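First comes the structure, then the notes that go with it.
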Amino acid sequence: MGRPIQFIIATMQLQNLVQRFTSDIVGEEQFEKMLVKSSADNKPLRVKFGIDPTFTDVHLGHSVPIRLLRAFQDHGHLPVLIIGDGTARLGDPTGRNEQRPALTAEDVARNSATYLDQIGTILDLDPAKCEVRHNSEWFGGMNFFDALKLASQSTAARLLERDDFKKRMQQNQAVHLHEMMYPLMQGYDSVMVESDVELGGNDQLFNLHMGRRMQERAGQRPQICMTTPLLLGTDGRKMSKTYGNHVGLNAGSNDMYGKIMSLSDDGMPLWFQLATTMRDDEISQCLAGHPRQAKDALARNITSQIHGDDAANAAAEAFVQQFVKNKIPDEINECIVGESAMKLASLLKEAGLVASTSEARRLLKDGAVKVDSESQSDPNWLVELSATDAVLLQIGKRRMINVRCASS
RNA sequence: GGGGAGAUACCGAAGUGGCCAAACGGGGCGGAUUGUAAAUCCGCUGGCUCUGCCUACAGAGGUUCAAGUCCUCUUCUCCCCA
């Protein structure tokens, strides 16, 4: 029985995308066979991706595997999205030199709620097209003996091979026993959802392997592991909220465009490859031109994926006004304070532009502060406020706000 | 269980009785420059009612005119031996 031509084309498309978005594939030989069988049996592949609700923002770095997941979805396969509300309780040590604090059940619940919204900007979460699971479903009911059984699935030596653990051991840093359970938990997720393929960032390779091994032990067909390259942050380091170099999927269009524009030139090729919808030839063309133009195209493409073309164009325009022409943006947040006159240093704090009056004083001394576009340096200057005409406070190019006082 | 080392600001790391709100590096934030950047140069980087005062060097006590620095206990981490 011959394969329909559509299937061959679709498979090639999918494989091209897989190519573009992956750095490592474990079990690549079996992947094509799996695709063929899936088509023959009319049974979509179960493609797993897990994310722990350990923080509130999902960023573009996380979006790379999600985009690949979307590609699978578009080709008729079934994303199995695991919200790691069980694993998050443990604190994922991945890529860190110190363990993440274990979160409380409330933290996790709150974060989980915002996750699906953000992921939904990329993935189609229609229950008919996507399976969403929370791993507390199986970890929540485990008792200590179940956990021991889980622990017996691997060995200390094997777990210590993990790069992150190895490094910390070498640096005489603590590796706690419960952290070593993490790969086992992630692997067990694969067993529970019977995944055919698992996606993850390339720092996840160890954990993905664990899923394969555990599935084999459980008598299942071992999953294909695909890792995506890590999208670097705007400063060239690993994208991470703690570095402040991330672009959140829930960022507003202006913010998103602006942050991407602050990416260093060197970072562009990787971003084009992993975060845009552009074809390879379009990308090459962009990169051959002026870096400013290329970055604009990059930022527009990504921003419009999330916010739409109009918002992206508006963001680009606003950016030029604010940062290239140094103009004050059209829309500025406004705040209202209780008093009709305040010392400048206190006012800056009251308006939320700085964390403390000490910081305000320093910035004033540095000449960073403008009031109604005039540089000011005296922290004790008494600023008169009115209820109708706002006073514009500015610190640098980015921090600005209009202030009025409450009408009495 | 025994022995040893250690815990300093956002991070790394100096400091072993006064000159310590704490060197130095990174990060961050401002300023100059620019193509939005990057690089470079300069400045800042605990708080306040700010030429002074208050709170800080794991935690709690103590010695001293004076403690990040000395003593005691507690907590946590690492290493070696069992």
Side-chain angles (χ1 to χ4, degrees), chain A residues 93 95-102 160 165-179 232-247 253-272 286-303 312 315-327 329 339 341-350 352-370 375-382 393-400:
Chain A
R96 302 245 168 169
N97 288 328
E98 54 192 84
Q99 63 178 122
R100 272 183 200 163
L160 286 170
F165 292 152
K166 221 190 306 181
K167 273 192 198 133
R168 280 157 62 189
M169 299 281 283
Q170 275 163 6
Q171 288 168 10
N172 290 346
Q173 285 175 332
V175 175
H176 292 258
L177 281 179
H178 73 286
E179 295 181 67
L232 298 175
T234 49
D235 59 359
R237 292 183 292 167
K238 184 190 165 181
M239 187 180 285
S240 158
K241 198 178 180 188
T242 46
Y243 292 151
N245 63 0
H246 73 301
V247 178
S253 53
N254 284 8
D255 194 34
M256 184 173 284
Y257 180 93
K259 276 198 167 151
I260 297 167
M261 287 306 277
S262 77
L263 174 70
S264 71
D265 288 357
D266 297 341
M268 283 200 286
L270 190 66
W271 276 62
F272 269 110
C286 275
L287 288 171
H290 191 287
R292 168 80 174 73
Q293 243 66 57
K295 212 172 291 177
D296 173 63
L298 177 71
R300 274 178 204 258
N301 183 285
I302 295 170
T303 307
E317 178 57 26
F319 184 86
V320 169
Q321 291 297 319
Q322 183 172 0
F323 294 103
V324 182
K325 297 186 180 164
N326 264 326
K327 286 189 184 158
E339 293 167 62
M342 283 185 89
K343 286 185 180 179
L344 183 49
S346 310
L347 182 61
L348 288 166
K349 185 187 171 194
E350 193 63 29
L353 290 186
V354 294
S356 66
T357 59
S358 298
E359 187 186 348
R361 282 164 185 274
R362 276 181 236 121
L363 288 163
L364 282 159
K365 187 155 66 75
D366 290 343
V369 178
K370 285 183 185 169
S375 275
Q376 298 293 344
S377 60
D378 179 8
N380 294 319
W381 182 48
L382 208 59
L393 301 178
Q394 274 177 279
I395 300 178
K397 281 185 178 183
R398 294 188 159 78
R399 280 177 272 182
M400 55 192 69

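As the structure is a prediction and not an experimental result, all values here were calculated from the model. Just so it is clear: chains get the letters A, B, ... in the order the sequence lines come, proteins before strands, and each one is counted from 1.
- For the side chain to side chain contact (heavy atoms under 4.5 Å, CB included) test, residues two or more places apart in sequence or in another chain that qualify with Arg362(A) are Ser358(A), Glu359(A).
- Asn172(A) comes within 4.0 angstrom of sugar-phosphate atoms only, judged by non-hydrogen atoms across all strands, and of no base.
- Of the P atoms belonging to A37(B) and G31(B), the separation is 11 Å, rounded to the nearest Å.
- Note: NZ (Lys238(A)) to P (G27(B)) measures 19 Å, nearest angstrom.
- One P atom belongs to C53(B), the other to A22(B), and the distance between them is 14 Å to the nearest Å.
- Contacts between residues 291-299 of chain A and RNA chain B, defined by a heavy-atom separation below 4.0 Å, involve Pro291(A), Arg292(A), Lys295(A), listed by number.
- Here the CZ-CG distance, from Arg398(A) to Leu353(A), works out to 14.5 Å after rounding to the nearest 0.5 Å.
- Rounded to whole Å, atom P of G31(B) lies 8 Å from atom NZ of Lys370(A).
- Rounded to whole angstrom, the span from the CD atom of Gln171(A) across to the C1' atom of U77(B) amounts to 14 Å.
- The side chain of Lys397(A) has U34(B) as its nearest neighbour among G35(B), C78(B), U34(B).
- The C1' atoms of A9(B) and A56(B) are separated by 9 Å, rounded to the nearest whole Å.
- Look at G61(B): its Watson-Crick or wobble partner, with both distances under 3.5 angstrom, is C71(B).
- Remark: C1' of G35(B) and CE of Met268(A) are 10 Å apart, rounded to the nearest angstrom.
- Comparing Gly396(A) and Thr234(A), the nucleotide of RNA chain B nearest to each residue sits closer to the 5' end for Gly396(A).
- Residues Phe323(A) and Lys397(A) approach most closely at O-NZ, 3.4 Å, considering heavy atoms.
- Rounded to an integer number of Å, the gap from Gln173(A) CD to C78(B) P is 10 Å.
- Distance Arg168(A) CZ to U77(B) C1': 12 Å, rounded to the nearest Å.
- Base pairing of G6(B) is made with C76(B), judged by Watson-Crick or G-U wobble geometry with both donor-acceptor distances under 3.5 Å.
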Sugar-phosphate means primed atoms, P, OP1 and OP2; the rest is base. With that split, encode nucleotides 44-57 of chain B 5' to 3' as B, S or - using protein heavy atoms under 4.0 Å.
SS-SBSB-------
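- The partner of C53(B) is G47(B), judged by Watson-Crick or G-U wobble contacts that both fall below 3.5 Å.
- Straight-line distance between the P atoms of A58(B) and A67(B): roughly 15 Å, to the nearest whole Å.
- In terms of the side chain to side chain contact (heavy atoms under 4.5 Å, CB included) criterion, residue partners of Asn301(A) (sequence neighbours excluded) are, by chain and number, Thr276(A), Thr277(A), Met278(A), Gln305(A).
- Contacts of Ile260(A) with the nucleic acid, taken as non-hydrogen atoms under 4.0 Å apart, are absent.
- Applying the Watson-Crick and G-U wobble criteria (two distances, each under 3.5 Å), G25(B) pairs with C11(B).
- Spacing of P atoms, G1(B) relative to C11(B), comes out at 32 Å, to the nearest Å.
- Of all nucleotides present, none satisfies the Watson-Crick or G-U wobble test against A37(B) with each distance under 3.5 Å.
- C44(B) sits 13 Å from G25(B) when the P atoms are compared, rounded to a whole Å.
- Ranked by how close their nearest RNA chain B nucleotide is to the 5' end, Asp235(A) and Ser264(A) are led by Asp235(A).
- A 4.5 Å side-chain heavy-atom check between Leu363(A) and Leu348(A) finds every atom pair outside the cut-off.
- With sequence neighbours left out, Glu317(A) forms a side-chain hydrogen bond (donor to acceptor under 3.5 Å, both in side chains) with Gln321(A).
- Remark: the backbone N or O of Lys259(A) is paired with a side-chain donor or acceptor of Ser262(A) at under 3.5 angstrom.
- Proximity of Ile395(A) to Met400(A): side-chain heavy atoms (C-beta onward) are nowhere separated by under 4.5 Å.
- U69(B) and U8(B) have their P atoms separated by 13 Å, with the value rounded to a whole Å.
- Annotation: the span from Arg361(A) atom CZ to Lys349(A) atom NZ amounts to 11.5 Å, rounded to 0.5 Å.
- Comparing U63(B) with C71(B), their P atoms sit 15 Å apart, to the nearest whole Å.
- Atoms CD (Gln376(A)) and P (G31(B)) sit 15 Å apart, rounded to a whole Å.
- Residues meeting the side chain to side chain contact (heavy atoms under 4.5 Å, CB included) test with Asp235(A), sequence neighbours left out: Arg237(A), Asn245(A).
- Atom P of nucleotide A38(B) and atom CG of Asn245(A) are separated by 13 Å, given to the nearest angstrom.
- A donor-acceptor pair under 3.5 Å links the side-chain atoms of Glu179(A) to the main chain of His176(A), judged by distance alone.
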